[in-house]
Asker: 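This is the structure I have questions about; it appears just below.
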Amino acid sequence: MLYLLDASSIITAQDGLYGISIVPEYWSWLQFQASSGICKIPKEIIKEIAPIDSQFKEWLSTNRNALQLASEVRTESVRHVMENGYGANLSEVELAKIGGDALLIAAACEGRRNRCVVTEENSRPSATRANRKIPDVCRELGVSCMTTNEFVRKLEFTTDWEKDAPESGLFPSSTD
């Protein structure tokens, strides 16, 4: 499974319980997952992350290549998400409001069976058009979606995760 991270999942982690100065192990783990091809962020979504914290800004800059999804999202996939997930004939204001969300979902649609969107957006099924939330659009289009907490639990993050990480050359072996 490839987990596609929304900007909200990164920003909320940094601003909340997983802040880089609070749980640095989380950020090492996330970098490892990205380098291993387990999670990625479409480049347009990375652009939405504007770190204020200097330590987080450095982490994001250092790990941008590992985090970034290598493949480009096809225009027809984005069009499909826009028309079938948000609505036809969206105005410029609506398109701006949707931002990169349609592109994130389109990236997941391209590998529907083995891709999952990770977001902190909350479902709001009654919302329409540009006000729709990622989980609702994903559900409508048959795309897997989960929260950051579900992602962390699914991949079994712990603060001592490195002791169980496969030998990859990314981390020195422990001789304890």
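Just so you know, these numbers use all the heavy atoms, side chains as well, and skip hydrogens, waters and symmetry mates.
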Asker: Decide yes or no on side-chain hydrogen bond (donor to acceptor under 3.5 Å, both in side chains) for T147 and N149, but give the supporting numbers first.
Answerer: CA-CA 5 Å; T147 66; N149 283 338; 5.3 Å; no

Asker: Can you list every ring pair (Phe, Tyr, Trp, His ring centres under 6.0 Å) pair that touches residues 88-146, not counting sequence neighbours?
Answerer: none

Asker: Supply the atom-to-atom distance K154 NZ to T148 OG1, rounded to the nearest 0.5 angstrom.
Answerer: 15.5 Å

Asker: Determine whether C109 and V81 satisfy the following criterion, side-chain contact (heavy atoms from CB on, under 4.5 Å), listing intermediate values before the conclusion.
Answerer: CA-CA 8 Å; C109 282; V81 170; 4.0 Å; yes

Asker: Which pair of non-hydrogen atoms, one from V137 and one from G85, has the smallest distance, and what is that distance?
Answerer: CG2-O, 3.6 Å

Asker: Is it true that a side-chain atom of E121 and a backbone atom of I134 form a donor plus acceptor pair closer than 3.5 Å?
Answerer: yes

Asker: Quick check on N114: does its CG atom have over 12 non-hydrogen neighbours (other residues, nucleotides or ligands) under 6.0 Å away?
Answerer: yes

Asker: Looking at CZ of R115 and NZ of K40, how far apart are the two atoms once the value is rounded to the nearest 0.5 Å?
Answerer: 11.0 Å

Asker: Rounded to the nearest 0.5 Å, how far apart are CG of L95 and CG of L90?
Answerer: 5.5 Å

Asker: Could you walk me through whether I45 and L4 pass the side-chain contact (heavy atoms from CB on, under 4.5 Å) test, one step at a time?
Answerer: CA-CA 10 Å; I45 304 302; L4 297 172; over 6 Å; no

Asker: Looking only at heavy atoms, what is the nearest atom pair of I49 and P51, with distance?
Answerer: O-CD, 3.3 Å

Asker: May I have all residue pairs that pass ring pair (Phe, Tyr, Trp, His ring centres under 6.0 Å) and include part of residues 36-64, sequence neighbours excluded?
Answerer: W27-F56, W27-W59

Asker: According to the interplanar angle, ranging from 0 to 90°, do the rings of Y26 and Y18 count as parallel (below 30°), tilted (30 to 60°) or perpendicular (above 60°)?
Answerer: parallel

Asker: Do you know the tightest heavy-atom contact between R124 and N131?
Answerer: NH2-O, 3.3 Å

Asker: Show, in sequence, the C-alpha distance, side-chain angles and deciding distance for I20 and Q14, and conclude whether the side-chain contact (heavy atoms from CB on, under 4.5 Å) test is met.
Answerer: CA-CA 6 Å; I20 201 160; Q14 167 55 26; 3.5 Å; yes

Asker: Within this structure, what is the CD1-CG distance for the pair I38 and L155, rounded to the nearest 0.5 Å?
Answerer: 7.0 Å

Asker: Can you check whether I98 reaches M82 side chain to side chain, under 4.5 Å on heavy atoms?
Answerer: yes

Asker: Got a second to check how far R74's CZ is from L103's CG, nearest 0.5 Å?
Answerer: 12.0 Å

Asker: Please step through side-chain hydrogen bond (donor to acceptor under 3.5 Å, both in side chains) for the pair S54 and E58, ending with a clear verdict.
Answerer: CA-CA 6 Å; S54 61; E58 181 181 332; over 6 Å; no

Asker: By ring-ring contact (aromatic ring centres under 6.0 Å, His included), which residues pair with F151, not counting sequence neighbours?
Answerer: Y3, W29

Asker: Side-chain polar contacts of residues 139-146 - donor-acceptor pairs under 3.5 angstrom, sequence neighbours left out - could you list them?
Answerer:
from, atom 1, to, atom 2, distance (Å)
R139, NH2, S123, OG, 3.1
R139, NH2, D136, OD1, 2.8
E140, OE1, R132, NH2, 3.4

Asker: Quick check: closest heavy atoms across Q31 and N63, and the distance to 0.1 Å?
Answerer: CG-OD1, 2.7 Å

Asker: If we check side-chain contact (heavy atoms from CB on, under 4.5 Å) with T119, which of these qualifies: I105, D6, L104, D101?
Answerer: D6

Asker: For the residue pair S77 and V73, what are the closest heavy atoms and their distance?
Answerer: CB-CG1, 4.4 Å

Asker: Return the minimal non-hydrogen interatomic distance between C138 and V117, and the atom names on each side.
Answerer: SG-CG2, 3.9 Å

Asker: Do the non-hydrogen side-chain atoms of R64 and K43 ever get within less than 4.5 Å of each other?
Answerer: no

Asker: Would you give the length of the straight line joining atom CG of D15 to atom CD1 of I10, rounded to the nearest 0.5 angstrom?
Answerer: 11.5 Å

Asker: Show every salt bridge (Lys or Arg N to Asp or Glu O under 4.0 Å) that has at least one partner inside residues 44-57, sequence neighbours left out.
Answerer: none

Asker: What's the verdict on side-chain contact (heavy atoms from CB on, under 4.5 Å) for L67 and L60, showing C-alpha distance, side-chain angles and the deciding distance?
Answerer: CA-CA 9 Å; L67 289 164; L60 186 61; 3.8 Å; yes

Asker: Could you pull out all residues at least two apart from L17 that satisfy side-chain contact (heavy atoms from CB on, under 4.5 Å)?
Answerer: none

